[in-house]
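Side-chain atoms are counted along with the backbone in the values below, which use heavy atoms only and exclude waters and symmetry mates.
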Amino acid sequence: MSKQIIHTDAAPAAVGPYSQAVATTGTKTVYLSGQIGLEPGTGDLVSENFDAQVRQAFANMEAVVTEAGGKLEDIVKLTLFLTDLSKFTAANAIMAELIPQPFPARSTIGVASLPKGAQFEVEAILVL
């Protein structure tokens with residue numbers, strides 16, 4: 001897969017670890033369902049702690065990416081769902097630590113609730 005990062009000064013700069021847009025060429029596009037911070041073995045939330053849920057959700061996403069034959073570098077679009085947008089900075093910091101640059105395009109959405117009382121969910125699109 002070839003990934004071209006699109007950036008223009010005619011639109012606001014990214015306010016976190018993401019790119020304004022990403023163009024790709026590849027042979028297969030994979031759309032990942034959302035992942036929350038569930039422990040794979042039990043199906044229970046890893047913790048009530050926001051950071052722990054974010055890390056587990058990204059770990060779950062990475063497991064699906066790997067099973068699809070990809071790597072985190074193949075992600076072209078992420079969507080983050082937070083039940084508390086005041087934790088946006090914490091989610092950004094964890095994402096910047098876990099997702100390699102150049103960062104994919106991303107949207108962040110505040111939601112009223114998520115399955116099983118989760119505080120965070122991530123979904124992805126990757127091109128292989």
Side-chain angles (χ1 to χ4, degrees):
M1 186 235 353
S2 171
K3 185 164 42 172
Q4 175 192 3
I5 302 303
I6 311 288
H7 174 80
T8 177
D9 292 331
V15 290
Y18 63 93
S19 298
Q20 288 175 324
V22 178
T24 66
T25 58
T27 59
K28 180 166 101 173
T29 302
V30 181
Y31 300 88
L32 279 68
S33 296
Q35 293 291 323
I36 59 176
L38 298 179
E39 293 180 337
T42 66
D44 295 329
L45 283 173
V46 66
S47 168
E48 291 298 316
N49 177 275
F50 178 78
D51 289 8
Q53 286 189 27
V54 172
R55 289 183 183 284
Q56 185 64 51
F58 274 109
N60 294 343
M61 180 196 70
E62 185 173 15
V64 177
V65 166
T66 300
E67 185 64 26
K71 305 178 298 286
L72 294 178
E73 293 88 343
D74 298 322
I75 296 171
V76 297
K77 174 71 165 68
L78 286 171
T79 305
L80 310 181
F81 303 90
L82 285 77
T83 58
D84 182 352
L85 283 175
S86 73
K87 296 182 179 179
F88 176 73
T89 301
N92 263 346
I94 294 168
M95 181 183 153
E97 176 188 327
L98 300 175
I99 302 297
Q101 292 187 40
F103 295 121
R106 186 194 75 197
S107 299
T108 303
I109 302 166
V111 297
S113 63
L114 290 166
K116 295 201 169 204
Q119 301 172 58
F120 176 86
E121 182 171 357
V122 59
E123 67 179 26
I125 300 171
L126 57 144
V127 177
L128 306 177

For a quick test of your reading: what N or O donor-acceptor pairs under 3.5 Å do the side chains of residues 22-33 make, sequence neighbours left out?
| unit_1 | atom_1 | unit_2 | atom_2 | d |
| --- | --- | --- | --- | --- |
| Thr27 | OG1 | Leu128 | O | 3.4 |

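- Not a single side chain to side chain donor-acceptor pair (under 3.5 Å) links Asp74 to another residue, sequence neighbours left out.
- Sorted by first and then second residue, the pairs that involve residues 39-48 and meet side-chain hydrogen bond (donor to acceptor under 3.5 Å, both in side chains), not counting sequence neighbours, are Glu39-Thr42.
- Separating the OG atom in Ser107 from the CZ atom in Phe81 is a distance of 8.5 Å, to the nearest 0.5 Å.
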Name each donor-acceptor pair under 3.5 Å that joins a side chain in residues 6-18 to protein atoms two or more places apart or in another chain, with its distance.
| unit_1 | atom_1 | unit_2 | atom_2 | d |
| --- | --- | --- | --- | --- |
| His7 | ND1 | Gln20 | OE1 | 3.1 |
| His7 | NE2 | Asp9 | OD1 | 3.0 |
| Thr8 | OG1 | Ala10 | N | 3.0 |
| Tyr18 | OH | Val15 | N | 3.1 |

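- Here the CG-CD1 distance, from Asn92 to Ile99, works out to 12.0 Å after rounding to the nearest 0.5 Å.
- For Ala57, the side chain to side chain contact (heavy atoms under 4.5 Å, CB included) partners at least two apart in sequence or on another chain are Phe120, Val122.
- Judged as a side-chain hydrogen bond (donor to acceptor under 3.5 Å, both in side chains), the pairs with a partner in residues 119-128 (not counting sequence neighbours) are, in order, Lys87-Gln119.
- Taking Ile, Leu, Val, Met, Phe, Trp and Tyr as members and joining any whose side-chain heavy atoms lie under 4.5 Å apart, directly or through other members, Val46 forms no hydrophobic cluster with any other residue.
- Under the rule for a side chain to side chain donor-acceptor pair (under 3.5 Å), Ser19 has no partner lying at least two apart in sequence or in another chain.
- Members clustered with Ile36: Leu38, Leu45, by chain and number, using a 4.5 Å side-chain heavy-atom cutoff among hydrophobic residues.
- To the nearest 0.5 Å, atoms CG (Leu72) and CE (Met61) are separated by 5.5 Å.
- Panel note: side chain Lys3, backbone Glu73; a donor-acceptor pair is recorded below 3.5 Å.
- Two residues are said to be in side-chain contact when any heavy atoms from C-beta on lie closer than 4.5 Å; Leu80 and Phe88 fail this criterion.
- Under the side-chain hydrogen bond (donor to acceptor under 3.5 Å, both in side chains) criterion, the residue pairs touching residues 53-64 are Arg55-Glu97, Gln56-Asn60, with sequence neighbours excluded.
- If you chain together hydrophobic residues whose side chains sit under 4.5 Å apart, Val54 and Val111 never meet in one group.
- Under the rule for a side chain to side chain donor-acceptor pair (under 3.5 Å), Thr83 has no partner lying at least two apart in sequence or in another chain.
- Counting only residues at least two apart or in different chains, salt bridge (Lys or Arg N to Asp or Glu O under 4.0 Å) contacts with residues 14-24 are absent.
- Heavy atoms only, all atoms of each residue included: Lys116 and Gly43 are closest at NZ-O, 2.8 Å.
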